[in-house]
Amino acid sequence: MKASDWDERYAARDLVWSAEPNRFVAEIVAPMTPGHALDVAAGEGRNAIWMVEQGWTVVAADYSTVAVDRMRSLAADRLGDRIGQLTPLVADATQPAPGGPAAYDLALLCYLQLPADEWAHALREAVEATRPGGHVVVVGHAGRNLAEGWGGPGDRSVLYDPDEVLERAEGLPVTVETSGIRERPVETDEGERVALDTVVVLRREG
């Protein structure tokens with residue numbers, strides 16, 4: 001999707017995503033010592049705002065201007081005196097990260113669903129932006145979700161299973177800490193359904 005497509009999607013609704021953080025992001029990030037984080041494809045800022053509330057200083061980038069404007073509004077409502085710890089900006093995930101190399105303790109790619117080559121480029125940029133000892137956290141709609149799960153994009157080319165993430169991480173200076181498929185319950189009009197997500201945590205090597 002082009003940035004203009006996402007602008008239209010965000011403009012059509014008050015809130016496209018939940019105001020709460022992704023459950024896997026919260027589970028993984030909560031035990032970490034807060035530092036500087038980069039949220040790639042941050043959307044309306046649900047994860048970024050939550051991380052600021054946990055003590056992180058966050059640069060939250062998305063290539064939809066409408067989403068970034070909404071993130072600023074939500075942050076103003078929720079963050080109070082901590083508003084200065086969040087920097088929302090418009091940026092492309094496949095371009096060098098704002099702040100430059102090794103600027104962050106954590107880089108988050110949550111539901112960044114791109115074709116393989118573009119996604120691999122975004123992953124490289126996220127790793128490059130992370131300091132040695134820091135983490136790159138990947139959460140995404142799994143390829144298996146098409147046949148075995150519920151919701152998410154219907155285009156297999158923008159989905160990725162854990163092994164595909166690890167393939168794209170080959171040659172990068174990272175160690176795999178966790179990698180797997182996780183179940184995510186989703187409430188629908190027809191009752192609860194289960195989505196399958198890929199969750200991978202990489203640690204940046206020195």
Side-chain angles (χ1 to χ4, degrees), residues 1-26 28-29 32 34-115 118-131 134-141 151-153 155 158 160 197:
M1 293 176 71
K2 296 185 245 183
S4 58
D5 296 328
W6 279 109
D7 285 343
E8 290 178 11
R9 182 174 182 184
Y10 283 115
R13 296 178 58 184
D14 288 338
L15 196 63
V16 173
W17 313 115
S18 163
E20 298 301 314
N22 172 265
R23 63 170 53 211
F24 305 125
V25 172
I28 293 164
V29 174
M32 293 181 178
H36 288 80
L38 172 66
D39 186 357
V40 179
E44 298 154 313
R46 62 177 181 147
N47 295 313
I49 291 169
W50 174 82
M51 285 193 288
V52 170
E53 291 172 337
Q54 310 311 303
W56 291 81
T57 298
V58 183
V59 172
D62 198 277
Y63 78 159
S64 166
T65 302
V66 175
V68 172
D69 286 344
R70 186 165 296 165
M71 188 193 320
R72 290 193 179 101
S73 177
L74 292 170
D77 290 339
R78 282 179 53 181
L79 292 181
D81 293 342
R82 289 184 167 179
I83 189 73
Q85 290 173 232
L86 177 68
T87 303
L89 50 82
V90 178
D92 187 327
T94 64
Q95 298 302 309
Y104 301 97
D105 303 291
L106 169 67
L108 173 64
L109 293 84
C110 186
Y111 300 120
L112 175 62
Q113 311 293 152
L114 294 173
E118 292 177 47
W119 195 90
H121 199 128
L123 178 63
R124 287 196 299 272
E125 295 296 347
V127 171
E128 179 73 13
T130 305
R131 298 182 179 117
H135 292 87
V136 177
V137 175
V138 176
V139 178
H141 298 289
D155 181 356
V158 301
Y160 40 86
D197 286 348

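The model shown is predicted, which means the values in this text are computed figures rather than measured ones.
In this structure, Glu125 contributes its side chain and His121 its backbone to no donor-acceptor pair below 3.5 Å. When atom types are taken as modelled, the side chain of Thr130 and the backbone of Ala126 share a donor-acceptor pair closer than 3.5 angstrom.
Remark: Ala102 pairs with Arg131 by the side-chain contact (heavy atoms from CB on, under 4.5 Å) rule, at least two apart or across chains. Residues passing the ring pair (Phe, Tyr, Trp, His ring centres under 6.0 Å) test with Tyr104, sequence neighbours excluded: none. Every residue was checked against the side chain to side chain donor-acceptor pair (under 3.5 Å) condition with Asn47, not counting sequence neighbours, and none meets it. Evaluation of the side-chain contact (heavy atoms from CB on, under 4.5 Å) rule for Asp155 yields Ser157, Val158 as partners, not counting sequence neighbours. Contacts of Gln85 classified as side chain to side chain donor-acceptor pair (under 3.5 Å), with partners at least two apart in sequence or in another chain: none.
Listed by first and then second residue, the salt bridge (charged side-chain N to carboxylate O under 4.0 Å, His left out) pairs involving residues 81-103 amount to none (not counting sequence neighbours).
The CD atom of Glu44 lies 5.0 Å from the CZ atom of Arg70; values are rounded to the nearest 0.5 Å.
A 4.5 Å side-chain heavy-atom check between Trp56 and Leu86 finds every atom pair outside the cut-off.
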Between Asp39 and Val59, is the side chain to side chain contact (heavy atoms under 4.5 Å, CB included) condition met? List the steps.
CA-CA 6 Å; Asp39 186 357; Val59 172; over 6 Å; no

Is there a side chain to side chain contact (heavy atoms under 4.5 Å, CB included) between Arg46 and Val25 once you walk through the steps?
CA-CA 10 Å; Arg46 62 177 181 147; Val25 172; over 6 Å; no

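Ion pairing between a basic and an acidic side chain is recognised when a charged N comes within 4.0 Å of a carboxylate O; Arg78 and Glu53 show such pairing.
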